[in-house]
Participant: 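For reference, the structure I am asking about is given below.
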Amino acid sequence: MNNFKNLRGTVDLLPDQLIKWQNVEKIIIEQLFRASVKEIRTPILEMTELFMRGIGEGTDVVSKEMYTFLDRGERSCTLRPEGTASVVRALIQNGVSSKPSQKLWYMGPMFRYERPQAGRQRQFHQLGVEFVGYESARSDIEIITLAWDILEKLGIKELNLEINTLGDQNDRSNFQKAFLKWLEVNKNSLDLDSQKRIDKNPLRILDTKNVQTKKILEDSPKLVDFLSEKSLERYLTIKDKLKLLKIPFIENFNLVRGLDYYTHTAFEITSGLLGSQATVCGGGRYDNLISQMGGTETPAIGFAIGLERLILLSGKDLEESRETDIYIVNKGLNAETMAMDLSRKLRNYDLKTELDLSGASFSKQFKKANKLKSKSIIVIGDDEALKNEFIIRLFNQENFENMEETISVDDVTKLDNWLDKNLLLKRS
RNA sequence: GCGGGCGUCGCCAAGUGGUUAAGGCAGUGGCUUGUGGCGCCGCUAUUCGGGGGUUCGAAUCCCCUCGCUCGCCCCA
């Protein structure tokens, strides 16, 4: 077998699977539209520097997971590992300060070079939403509820919302000092991975999965205790409002998330049904990112939903495709021309039609129509073509002796009536 | 990058040293050239992910390699 194969960690989505994808995407996009969130599309490819600066060089994503290569002009390019940096770049480039606040969404492929496993691929898809220019605690709540409602609209159950606050830069550096002191003292009790992180990214030690380290961390300084009054108040408001809106959440002081740009609110939505990669949605506030990247000081908050994981969680009801309404059986030279003509006309209706192109025997074409569970068929042979008419027949599975009718090609009214009576009306 | 499990047809599989590699689904041709569910009869892997070795004999045993998969790390 030396046939070509797809690259590791990439997948082909075949027609049957795409039915579910399309249904899920449709529900999401409609929901975003109703919330007046507008779409933005940015290139999949960006200069490497954008992600190094935006996401942070110390992060795992940047230090070991990027698809980076030199183009023919020797420029270092990277396939985007996430969407926020690109959106921010696009906004700065197009003059964010001159525009009012905006609510944006994007959807598309992202790339991270990791070992694939359940719910993780090298090319995967994200839906992202970014509220740019919004500073109030209410925008945090709005973002969280938006994510929550999308998941609910898709009928996904058994979700856990976890929230935390990382404070502002000042809060965080105060905490970090205290935390580092504590880490020095307790260094030897930590697991090896965590020890390595002390220099590289101490905050991340907080969300270790190592059971022992977790236990020891219970006695470590807590970030909440280092929050300024303003930061704390903001955090309390968010918790209160979530309660009022009846969105269940758990506080997780160890939730720090892997990207450097977060401030204040950080949140994650997980599902126990996903295996070890449990996060469906992750997000948070990034008030400093835009200015860090050269824009004017602009607060912002956003989240990203992993579409593959979303698809795994979505119900079977979204997998069903619409049935064929009319299958057009045709054979013979004149008949074939007439069938093509008729099939084009039928596309002016809200119908799903299929024109048989096989030229096979009538018997075969009927079998095909039956296999497709077509609701009705049109039959055109040379006999009909000669008289400029066609036979249309209901074709459901239970009733075998279906009524059929002969209609002249020019008799639009009669066709309309038949479709109304037998197909169009039935659906509503 | 590191562990565990697994690779027999498009899919699901039986076979665990004896040479014609079961079976089912799907596909396809026919019974039935203009008429559909069911049924019946054909066809569909010179080969068991690939390479090497052991043996009279290998899908079956050994070595290497590739791939898939689950987990660690981290994330969506």
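Chain letters run A, B, ... following the sequence lines, proteins first and then strands; every chain starts at 1. Quick caveat: nothing in here was measured; it's all calculated off a predicted structure.
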Participant: Quick one: on RNA chain B, does A:Arg115 or A:Ile269 contact a more 5' nucleotide (nearest heavy atom)?
Facilitator: A:Arg115
Participant: Does the pair A:Asp341/A:Lys345 count as a salt bridge with the N-to-O cut at 4.0 Å?
Facilitator: yes
Participant: Any side-chain N or O of A:Gln117 under 4.0 Å from OP1/OP2 of B:C72?
Facilitator: yes
Participant: Is any side-chain nitrogen or oxygen of A:Ser361 closer than 4.0 Å to OP1 or OP2 of B:G34?
Facilitator: yes
Participant: For A:Glu251 and A:Asn164, what are the C-alpha separation, side-chain angles and deciding distance, and is it a side-chain contact (heavy atoms from CB on, under 4.5 Å)?
Facilitator: CA-CA 6 Å; A:Glu251 251 180 315; A:Asn164 189 25; over 6 Å; no
Participant: In terms of side-chain geometry, is the basic nitrogen of A:Asp140 or A:Arg285 positioned less than 4.0 Å from the acidic oxygen of its partner?
Facilitator: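 The answer is yes: the pair qualifies as a salt bridge.
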Participant: In whole Å, what is the span from the CZ atom of A:Arg8 to the C1' atom of B:C68?
Facilitator: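 Rounding to the nearest Å, CZ of A:Arg8 and C1' of B:C68 are 8 Å apart.
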Participant: Taking the same atom, P, in B:C72 and in B:U55, what whole-Å distance lies between them?
Facilitator: 45 Å
Participant: Say we look at B:A22 and B:C61: how far apart would their C1' atoms be, to the nearest angstrom?
Facilitator: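 Comparing C1' positions in B:A22 and B:C61 gives a spacing of 23 Å.
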Participant: What's the spacing between A:Met293 CE and A:Leu91 CG if we round to 0.5 Å?
Facilitator: 10.0 Å
Participant: For B:G30, does either OP1 or OP2 sit under 4.0 Å from a side-chain N or O belonging to A:Lys364?
Facilitator: yes
Participant: From CG of A:Asp60 over to C1' of B:G1, roughly how many Å is that when rounded to an integer?
Facilitator: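 Taking CG of A:Asp60 and C1' of B:G1, I get 12 Å after rounding.
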Participant: Provide, to the nearest angstrom, the distance between the CG atom belonging to A:Asp356 and the P atom belonging to B:G34.
Facilitator: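 My rounded result for the distance is 13 Å.
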Participant: Can you tell me whether the side chain of A:Glu268 and the base of B:A76 have a donor-acceptor pair closer than 3.5 Å?
Facilitator: no
Participant: Does this structure show an ion pair linking A:Lys352 with A:Asp325, if we count only N-O contacts that are shorter than 4.0 Å?
Facilitator: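 Between A:Asp325 and A:Lys352 there is no salt bridge, as every charged N stays at least 4.0 Å from the carboxylate O atoms.
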Participant: Check whether any side-chain nitrogen or oxygen of A:Lys371 sits under 4.0 Å from OP1 or OP2 of B:A26, and answer yes or no.
Facilitator: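 For A:Lys371, the contact criterion (side-chain N or O under 4.0 Å from OP1 or OP2 of B:A26) is not met.
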Participant: Looking at B:C72, I'd like to know if its phosphate oxygens (OP1 or OP2) sit under 4.0 Å from a side-chain N or O belonging to A:Ser276.
Facilitator: yes
Participant: Could you say whether A:Leu7 or A:Glu82 is positioned toward the 5' end of RNA chain B, judged by the nucleotide with the nearest heavy atom to each?
Facilitator: A:Leu7
Participant: Could one point to a donor on the side chain of A:Gln277 or the base of B:G71 with an acceptor on the other under 3.5 Å away?
Facilitator: no
